[in-house]
Protein chains: 2
Amino acid sequence: MAIPRAARTQRRTRIQEEKEEIILEAALDVFSVSGFRGSTIDQIAEVAGMSKPNLLYYFRTKEAMHRALIDRVLFTWLEPLRAFDANGNPESEIRSYIRRKLEMARDFPRESRLFANEMLQGAPHVEDELRGPLKALVDEKVEVIRAWAKAGKIAKCDPYHLIFSIWSTTQHYADFDVQVRAVLGDEHSGEGRFEDAARYLEQLFVDGLRIRHS
Amino acid sequence: MAIPRAARTQRRTRIQEEKEEIILEAALDVFSVSGFRGSTIDQIAEVAGMSKPNLLYYFRTKEAMHRALIDRVLFTWLEPLRAFDANGNPESEIRSYIRRKLEMARDFPRESRLFANEMLQGAPHVEDELRGPLKALVDEKVEVIRAWAKAGKIAKCDPYHLIFSIWSTTQHYADFDVQVRAVLGDEHSGEGRFEDAARYLEQLFVDGLRIRHS
DNA sequence: GGATAATTTGACCGATTGGTAAACATTACA
DNA sequence: TGTAATGTTTACCAATCGGTCAAATTATCC
């Protein structure tokens, strides 16, 4: 008789690690496109290449799968912000933060969409994490930016909205990928568009559009 | 015997207009949160306060409801970009475009989320509209911006990515509303946050962060 | 007021949903 | 190699899904 997963206290088997990895990979495929409600265990099972009961042997509910996925993604997702260094100089820190976020949008678009889906639905599964760890981390970095502004190294601006604007502009290339491709047309939708985006965004944040006042 | 909706050629009844309005309103509530796949006709029927068969009397399928909703939203959603005037001066045009988009995020968050949900799912219902009318409109405005850059009124930059960045930064306040509230905390989540966002974004796009090169 | 068309609903359908039970197969380990 | 634990599958369940049907109700118009 198999022991229900939640009751296991022993170390995880090799097979467990492998299969759980495969399942989470498949779940990411499905959840990131259809959101929690719109995804079905059958879909995930098919992508994972195993039967539904087998899948439910490793994760007892659809919720548990989603939970495990969110937990894993949330940590790595905040890595770039964590790397934001108070001792660095504003220009290089902001430039590299934009670069890193953009790289994540390019290399982990499914993770970005999973998160976006969760936000659109009102964050029913992660609101605590948002109000807790996320807010704490942002508050910390906000102080860094405020200090820069106070020291005259950067224009006075609302640091919260500055962070929001970096998040939104970079994640846009993952979450709204279809729209970006459609608007740019097939000829400009190659991988070069991330380089274009990086160049534009760095310019925007560092220099603005340098609009001539008339 | 009732005449199937699609076959009707006569003018629409008063009741038809009212009920279709109620249904689309309810459908917007539901679809904008859960996306197409994640929403059910029963949910919409309950929000609309009528029985499921009654709802299906006005829209024969879930698809038809979604379609009608998307069609209605798409048009008004592009209104701000259409208003973008080639003859205006760059600063006021960009400022007011940002303002208008931000107002839409504030006043029509459900419409924004409906659209975002559709994008996340790969735009299965609207890809044609993106590649057609949307791209055409953007291309037109891109030429305006290019002309401004050529005339030296504005910094040289990729106009496509400029438009993307205005879209993403403004819509962020509708689509990621939960996150914005969580990070700002309850004390700064009042209606004033839209004024703060507008001030910050206008500054960003017009002047940038004026980072001192070190 | 009566006929006729438009609207509304309860009962129902087959398919799909999340999840279970138990038999069966495989692995790890003494 | 035997055996106990782990892993997998087939068959199935009640609930919900999108949607139909026919009967009942209501609005419209002469």
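Within every chain, numbering begins at 1; the chains are lettered A, B, ... in the order of the sequence lines, protein sequences first and strands thereafter.
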Show every donor-acceptor pair shorter than 3.5 Å between a side-chain atom in residues 43-56 of chain B and any protein atom, with sequence neighbours excluded, or say none if there are none.
| residue | atom | partner | partner atom | Å |
| --- | --- | --- | --- | --- |
| S51(B) | OG | N54(B) | N | 3.4 |

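- To the nearest angstrom, P of dT20(D) lies 13 Å from CG of L55(B).
- Q121(B) is linked by a side-chain hydrogen bond (donor to acceptor under 3.5 Å, both in side chains) to nothing, counting only residues two or more places apart in sequence or in another chain.
- Applying the side-chain hydrogen bond (donor to acceptor under 3.5 Å, both in side chains) rule to R99(A) yields the partners E195(A), E202(A); only residues at least two apart in sequence or on another chain are considered.
- We find that CD1 of I22(A) is positioned 13 Å from C1' of dG7(D), with the value rounded to whole Å.
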Item to check | Footprint string (nucleotides 14-19 of chain C, 5' to 3'): B base within contact, S backbone only, - free, heavy atoms under 4.0 Å | outcome: ---SBB
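- For dT7(C), the OP1/OP2 oxygens have no side-chain nitrogen or oxygen of N54(B) closer than 4.0 Å.
- Here dT7(C) presents its C1' atom at 6 Å from OH of Y58(B), a figure rounded to the nearest Å.
- As a whole-Å value, the separation of Q16(B) CD from dA5(C) C1' is 11 Å.
- Residue Y57(A) contributes atom OH, which lies 4 Å from atom P of dG7(D) at whole-angstrom precision.
- Partners of D175(B) according to the side-chain hydrogen bond (donor to acceptor under 3.5 Å, both in side chains) rule, which considers only residues two or more places apart in sequence or in another chain, are S112(B).
- With a 6.0 Å cutoff to the six-membered ring centre and a 45° limit on the axis angle, R110(B) does not count as a cation-pi contact of F31(B).
- In this structure H188(A) satisfies the side chain to side chain contact (heavy atoms under 4.5 Å, CB included) test together with L184(A), sequence neighbours excluded.
- To the nearest angstrom, C1' of dT9(D) lies 12 Å from NZ of K19(A).
- In this structure, I23(B) atom CD1 and dG18(D) atom C1' are separated by 15 Å, rounded to whole Å.
- Atom-to-atom, CD of E18(A) to P of dG7(D) comes out at 11 Å; the value is rounded to the nearest Å.
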